[in-house]
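Before any comments, here is the structure.
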Amino acid sequence: MNSEKSSIAILKSQIEGGLIVSCQAPGNSPLNKPEIIAALAETAALNGAIAVRIDSPAHVSAVRKTVVIPIIGIYKIVLSPSEVYITPHYQSAVEVAEAGADIIALDATPRSRPDGEKLADLCQKIMTNLRLPVMADISTFEEGINAAETLGCAFVGTTLSGY
């Protein structure tokens, strides 16, 4: 566990105070190709980005081959009737982890998850089984406090603020 905590501390020191660039494209965009997302991520890294946020296992895998900076992996999947679509369940986290993500980001709002899994259980499974830190995508200050203090998320992002 000490080596896990030290690797999280290293990630935090790499990211603190720097620019994280989200390299993503909508599904219908001509940019939505692994090699193009990888080129965008490489360009971001060459121009000072300290981390990149990448959607989908295919894109994470392509980016992992081109950059050495940390990758925040997400997997956007729309599963009705839930409104949660950013890494909505454990299997989506597994897939981006196996593709090479250093951090798993997920929707950390109190909305119901598509499979009914509790957010706390999902975060714990990612941290325990995948041995990766979790980034909580939140919409309110209170959700951020909950993510950091109760759920144990190593990172908090205001990704869902305003939605």
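Just so you know, these numbers use all the heavy atoms, side chains as well, and skip hydrogens, waters and symmetry mates.
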**Request:** Could you check if a side-chain atom of I103 sits within less than 4.5 angstrom of a side-chain atom of L132, using non-hydrogen atoms only?
**Result:** no
**Asked** Rounded to the nearest 0.5 Å, how far does OG1 of T109 lie from CG of L119?
**Response** 8.0 Å
**Prompt:** Taking C-beta and beyond as the side chain, do Q14 and P70 meet within less than 4.5 Å on heavy atoms?
**Reply:** yes
**Request:** Mind checking the OG-CG spacing from S56 to N32? Nearest 0.5 Å is all I need.
**Result:** 7.0 Å
**Asked** Do the non-hydrogen side-chain atoms of V60 and D55 ever get within less than 4.5 Å of each other?
**Response** no
**Request:** Quick one: do N146 and L151 satisfy side-chain contact (heavy atoms from CB on, under 4.5 Å)? Show the steps, please.
**Result:** CA-CA 6 Å; N146 181 60; L151 302 175; 3.9 Å; yes
**Prompt:** If you measure from the Lys or Arg side-chain nitrogens to the Asp or Glu carboxylate oxygens, is any gap between D107 and R111 under 4.0 Å?
**Reply:** yes
**Item:** Sub-4.5 Å side-chain heavy-atom contact between N129 and Y90
**Value:** yes
**Request:** Would you list the pairs meeting side-chain hydrogen bond (donor to acceptor under 3.5 Å, both in side chains) in which at least one residue belongs to residues 62-75, sequence neighbours left out?
**Result:** R64-D102
**Asked** For the side chain of S82 and the backbone of S112, is there at least one donor-acceptor N/O pair under 3.5 Å apart?
**Response** yes
**Asked** Is M135 linked to V63 within one hydrophobic cluster, defined over Ile, Leu, Val, Met, Phe, Trp and Tyr using a side-chain heavy-atom separation of less than 4.5 Å?
**Response** no
**Asked** Do the non-hydrogen side-chain atoms of I74 and I54 ever get within less than 4.5 Å of each other?
**Response** no
**Heavy-atom side-chain contact between I145 and E142 under 4.5 Å** = no
**Prompt:** Checking T128 side chain against Q124 main chain: does a donor-acceptor pair fall under 3.5 Å?
**Reply:** yes
**Item:** Any donor-acceptor N/O pair, T87 side chain to A105 backbone, under 3.5 Å
**Value:** yes
**Complete:** d(I36 CD1, H59 NE2) to nearest 0.5 Å is 9.0 Å
**Asked** For the atom pair OG (S92) and CG (L122), what is the distance rounded to the nearest 0.5 Å?
**Response** 7.5 Å
**Item:** Approximate separation, where rounding is to 0.5 Å, of K33 NZ and L40 CG
**Value:** 12.0 Å
**Asked** Hey, does I77 have a side-chain heavy atom less than 4.5 Å from the side chain of H89?
**Response** yes
**Fill in**
Shortest non-hydrogen pair, A154 vs I8, comes out as CB-CG2, 3.8 Å
**Request:** Decide, yes or no, whether a salt bridge links R113 with D121 under the criterion of side-chain N to carboxylate O below 4.0 Å.
**Result:** no
**Asked** Given side chains that start at C-beta, do those of M127 and V134 come closer than 4.5 Å, heavy atoms only?
**Response** yes
**Complete:** Separation between SG (C23) and CG (L31), nearest 0.5 Å, reads 11.0 Å
**Message:** Closer than 3.5 angstrom, by distance alone: can the side chain of E143 be matched with the main-chain N or O of S139 as a donor-acceptor pair?
**Reply:** yes
**Message:** I'd like to know if I20 and F155 are part of one continuous hydrophobic network [Ile/Leu/Val/Met/Phe/Trp/Tyr, side-chain heavy atoms within less than 4.5 Å].
**Reply:** yes
**Asked** Is the backbone N or O of T43 less than 3.5 Å from a side-chain atom of N47, with the two atoms forming a donor-acceptor pair by type?
**Response** yes
